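A short worksheet on the structure shown next.
This is a predicted model, so every value here is computed, not measured.
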Amino acid sequence: QVQLAESGGGLVQPGESLRLSCVASGTAVGYYGIGWFRQVPGKEREAVSCINRNEDDAYYTGPVKGRFAISRDNAKNTVYLQMNSLQPEDKGVYYCAAAPPTYYSCAGWRTGNDYIYWGQGAQVTVSS
């Protein structure tokens with residue numbers, strides 16, 4: 001059974017950093033492009049970032065460019081999202097998700113509708 005598990009969320013003050021981890025079990029994460037998504041109550045799910053299988057292509061939504069960095073360590077079956085200079089608008093539940101293994105690039109990452117495996121989410125709260 002394939003599972004994704006996020007960790008590393010928490011409560012931080014504006015300007016601080018967090019690193020989210022997404023650990024895969026039951027499969028090798030290297031088979032999949034991985035996306036990070038954010039959900040805030042009352043709002044639609046928002047794509048935050050994506051990294052393709054070979055780690056030679058990555059995408060970010062506009063507001064996080066230059067502050068967030070996605071990376072992966074396939075040997076550890078883990079994908080990371082380093083979040084720096086966090087702001088209150090970055091708050092939400094962050095989910096990692098795996099694209100279909102036939103997707104070499106980050107196709108479909110803006111919606112995540114095609115993504116086949118999802119974690120349970122990690123809460124990120126940014127407040128002074």
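Under the 4.5 angstrom side-chain criterion for Ile, Leu, Val, Met, Phe, Trp and Tyr, Val40 has no cluster partners at all. Applying the 4.5 Å side-chain rule to ILVMFWY residues, one finds that Leu11 remains a lone member of its cluster.
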Give the table of side-chain donor-acceptor pairs shorter than 3.5 Å for residues 60-67, with sequence neighbours excluded, one pair per line with atom names and distance.
{"unit_1": "Tyr60", "atom_1": "OH", "unit_2": "Ile70", "atom_2": "N", "d": "2.9"}
{"unit_1": "Arg67", "atom_1": "NE", "unit_2": "Pro63", "atom_2": "O", "d": "3.3"}
{"unit_1": "Arg67", "atom_1": "NH1", "unit_2": "Ser85", "atom_2": "O", "d": "2.9"}
{"unit_1": "Arg67", "atom_1": "NH1", "unit_2": "Asp90", "atom_2": "OD2", "d": "2.8"}
{"unit_1": "Arg67", "atom_1": "NH2", "unit_2": "Pro63", "atom_2": "O", "d": "3.0"}
{"unit_1": "Arg67", "atom_1": "NH2", "unit_2": "Asp90", "atom_2": "OD1", "d": "2.9"}
{"unit_1": "Arg67", "atom_1": "NH2", "unit_2": "Asp90", "atom_2": "OD2", "d": "3.4"}

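Residues in residues 98-128 take part in these disulfide bond (SG atoms under 2.5 Å apart) pairs, two or more places apart or across chains: Cys50-Cys106. Sorted pairs that involve residues 72-82 and meet salt bridge (Lys or Arg N to Asp or Glu O under 4.0 Å), not counting sequence neighbours, are lacking altogether. For residues 2-25, every residue pair satisfying the side chain to side chain donor-acceptor pair (under 3.5 Å) rule, not counting sequence neighbours, is listed here: Ser17-Asn84. Sequence neighbours left out, the pairs with a member in residues 12-48 that pass disulfide bond (SG atoms under 2.5 Å apart) are Cys22-Cys96.
Taking the side chain to side chain contact (heavy atoms under 4.5 Å, CB included) definition, one finds that Val93 meets it with Tyr95, Gln123, sequence neighbours left out. Scored by the side-chain hydrogen bond (donor to acceptor under 3.5 Å, both in side chains) test, Tyr94 finds Arg38 as partners (sequence neighbours excluded). Checked against side chain to side chain contact (heavy atoms under 4.5 Å, CB included), Ala28 has the following partners two or more places apart in sequence or in another chain: Tyr31, Asn77. With sequence neighbours left out, the side chain to side chain contact (heavy atoms under 4.5 Å, CB included) criterion links Tyr117 to Val2, Leu4, Tyr32, Ala98. Evaluation of the side chain to side chain contact (heavy atoms under 4.5 Å, CB included) rule for Arg53 yields Tyr104 as partners, not counting sequence neighbours.
Scanning all heavy atoms of the two residues, the minimum distance from Met83 to Leu20 falls at CE-CG, 3.7 Å.
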Checklist entry - Trp36 and Phe68: ring-ring contact (aromatic ring centres under 6.0 Å, His included), yes or no, with the steps? => result CA-CA 11 Å; Trp36 285 96; Phe68 290 14; 10.0 Å; no
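Taking a 6.0 Å sphere around CD of Gln120, one finds it holds 12 or fewer heavy atoms contributed by other residues, nucleotides or ligands.
If you take CD1 on Ile51 and CG on Asp57, they are separated by 9.0 Å, rounding to the nearest 0.5 Å.
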